[in-house]
Every structure is written in C-alpha cells, then in structure tokens.
Asker: 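Here you go, one structure.
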Amino acid sequence: MALDGTHLHTPDEEQVTWHYPKRSGEQLEFGYPLLRLLAVVECGAGAVLAAAFGPETSGELAYVRRLLNCLNASMLLLADAGFDAVDFLRDVAGTGAQFLVRSSARRCPTIQRRLPDGSSWAVTGTWKPRRLPGCELL
C-alpha cells in the first residue's frame, strides 16, 4: 500500500471558497481554492482503499488518521517523509501493518548497525524495530 497526498483545484465560487480558501498574500488572494487529498492506494492494481480530504490550510497529518482503519497486519505501507511523525507511526503500528517511511533530513535516528549495502538499521522514537516472521536480519 502507498500513502500520499496531493492538491486539487476547486471551482472559484462562493459556495466553495468559504470552506476551501484561496491562497493569499499580504494584499490579495490569488489562484484557485485548493483541496488537500490523501489516499491509501494498492500499489499493484492502483485500487484506492481509503481517501480523506479537506482544506489545504491543514497539513497532511491532520487528515491521515482517518485512513488508518483500512490497514491490517497483512499490509506494508509505503509513505514519504511528510508522514514520519512518531505518533503517526505508532498509530500505524497499532493497526498491525508494517511500514516503510522515508525520513526527513531533520530526523537523527539512533543507528544500531551498518549494513553491507551501506544503509543502516536504526531506531526511531522510543520503540524498537520488529523482526518479521520468517525474515532474518542482515
């Protein structure tokens, strides 16, 4: 499964702009109102398992917890660096799903071991990585 977000332009009409505001500078509004859309998508078939949306003024993490109920222990969730918040990752782990999330450059994980390919095995936050059944650590 993959988790990601995007922006969609909405019609520039009063019925929409009260909930999805335009971007604004110091003196004027500009562009079309934006809607933030997040989705969990099955990587092979491209099926959308869950989606959440709302005003662009709130960040991705404000909407992402609405998507967790589609995850289970049979899944591996892939996500970009915008989703590397420890509380969110703890919530994903609570669903039983495994996850692989790219960390932002600001994160400084505790490196446990260097791997032969040059990457490293690390711990993020206060919880430890789990060994998957039937898999051995390198």
Side-chain angles (χ1 to χ4, degrees):
M1 303 299 143
L3 167 65
D4 208 354
T6 189
H7 292 107
L8 301 175
H9 293 275
T10 61
D12 188 3
E13 298 176 3
E14 193 172 323
Q15 300 123 308
V16 175
T17 56
W18 71 270
H19 191 62
Y20 301 104
K22 292 182 177 187
R23 292 186 177 194
S24 58
E26 291 182 22
Q27 298 180 355
L28 58 102
E29 293 181 331
F30 56 92
Y32 284 92
L34 292 175
L35 173 142
R36 184 181 298 277
L37 172 68
L38 278 81
V40 174
V41 179
E42 197 277 328
C43 294
V48 177
L49 271 69
F53 62 91
E56 180 264 343
T57 53
S58 297
E60 290 176 325
L61 290 173
Y63 301 109
V64 75
R65 283 184 175 78
R66 298 181 200 171
L67 307 176
L68 293 178
N69 63 350
C70 76
L71 300 176
N72 64 50
S74 71
M75 298 176 178
L76 170 65
L77 181 68
L78 307 174
D80 207 353
F83 300 99
D84 73 340
V86 172
D87 290 342
F88 170 66
L89 298 178
R90 195 170 289 131
D91 291 346
V92 172
T95 68
Q98 300 295 314
F99 55 89
L100 180 61
V101 178
R102 186 172 72 91
S103 287
S104 69
R106 296 182 313 241
R107 186 168 300 282
C108 297
T110 304
I111 295 175
Q112 301 293 305
R113 182 170 63 201
R114 296 277 178 200
L115 301 175
D117 67 356
S119 63
S120 56
W121 183 260
V123 174
T124 302
T126 58
W127 44 283
K128 304 280 186 222
R130 294 184 289 168
R131 184 178 297 185
L132 296 173
C135 296
E136 294 299 319
L137 295 176
L138 299 174

Asker: For Ser119, which residues count as a side-chain hydrogen bond (donor to acceptor under 3.5 Å, both in side chains) partner, sequence neighbours excluded?
Answerer: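 Result, side-chain hydrogen bond (donor to acceptor under 3.5 Å, both in side chains) vs Ser119: Asp117.
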Asker: State, with a plain yes or no, whether a side-chain heavy atom of Leu89 is found less than 4.5 Å away from one of Val101.
Answerer: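 When only atoms from C-beta onward are counted, Val101 and Leu89 do touch, with a gap below 4.5 Å.
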Asker: Taking atom CG of Leu78 and atom CG of Asp80, what is their separation to the nearest 0.5 Å?
Answerer: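 If I round to the nearest 0.5 Å, the distance is 10.5 Å.
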Asker: Might you point out which heavy atoms bring Pro33 and Pro11 nearest each other, and give the distance in Å?
Answerer: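 The answer is CG-O, 3.8 Å.
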Asker: Is atom NE2 of His9 surrounded by more than 12 heavy atoms (other residues, nucleotides or ligands) closer than 6.0 Å?
Answerer: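 Atom NE2 in His9 is not packed in, count stays at 12 or less.
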Asker: Which pair of heavy atoms, one from Tyr63 and one from Ala52, lies closest together, and at what distance?
Answerer: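 Closest heavy-atom pair between Tyr63 and Ala52: O-CB, 3.9 Å.
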Asker: Going by heavy atoms in the side chains, are Leu34 and Thr10 under 4.5 Å from each other?
Answerer: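 Not touching, per the 4.5 Å side-chain cut-off.
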Asker: Rounded to the nearest 0.5 Å, how far does CG of Asp4 lie from CZ of Phe83?
Answerer: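 One finds 5.5 Å between CZ of Phe83 and CG of Asp4.
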Asker: Minimum heavy-atom separation for Ser58 and Arg36, please, with both atom names.
Answerer: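 That would be O-NE, 2.6 Å.
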Asker: Step by step, work out the side chain to side chain contact (heavy atoms under 4.5 Å, CB included) result for Met1 and Leu76.
Answerer: CA-CA 6 Å; Met1 303 299 143; Leu76 170 65; over 6 Å; no
Asker: Sequence neighbours left out, what pairs pass salt bridge (charged side-chain N to carboxylate O under 4.0 Å, His left out) with at least one residue falling in residues 50-59?
Answerer: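 Found Arg23-Glu56.
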Asker: Salt bridge check: are Arg102 and Asp84 linked by an N-O gap of less than 4.0 Å?
Answerer: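 No, Arg102 and Asp84 are not salt-bridged.
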Asker: Just verifying a value: how many Å separate Leu67 CG and Phe88 CZ, rounded to the nearest 0.5 Å?
Answerer: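 Nearest 0.5 Å value for the CG-CZ distance: 7.5 Å.
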Asker: State, yes or no, whether a side-chain contact exists between Pro55 and Leu35 at a heavy-atom distance under 4.5 Å.
Answerer: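 A side-chain contact under 4.5 Å is absent here.
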Asker: For residues 37-47, which side-chain N or O atoms pair as donor and acceptor with protein atoms under 3.5 Å away, sequence neighbours left out?
Answerer:
| from | atom 1 | to | atom 2 | distance (Å) |
| --- | --- | --- | --- | --- |
| Glu42 | OE1 | Gly44 | N | 3.1 |
| Glu42 | OE1 | Ala45 | N | 2.4 |
| Glu42 | OE2 | Gly44 | N | 3.3 |

Asker: Check whether any side-chain heavy atom of Gln98 sits under 4.5 Å from a side-chain heavy atom of Leu77, and report yes or no.
Answerer: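 They are not in contact (no side-chain heavy atoms under 4.5 Å apart), so the answer is no.
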Asker: What distance separates Tyr32 OH from Leu8 CG, expressed to the nearest 0.5 Å?
Answerer: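 The CG atom of Leu8 is 14.5 Å from OH of Tyr32, to the nearest 0.5 Å.
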Asker: Mind checking the CZ-CD1 spacing from Arg113 to Ile111? Nearest 0.5 Å is all I need.
Answerer: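 If we round to the nearest 0.5 Å, Arg113:CZ and Ile111:CD1 are 12.5 Å apart.
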Asker: Are Leu3 and Glu60 side-chain neighbours, meaning at least one heavy-atom pair lies under 4.5 Å?
Answerer: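 In short, these two side chains do not touch, never coming nearer than 4.5 Å.
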Asker: What is the minimum heavy-atom distance between Ala97 and Leu71, and which atoms define it?
Answerer: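 Minimum heavy-atom separation between Ala97 and Leu71: CB-CB, 4.1 Å.
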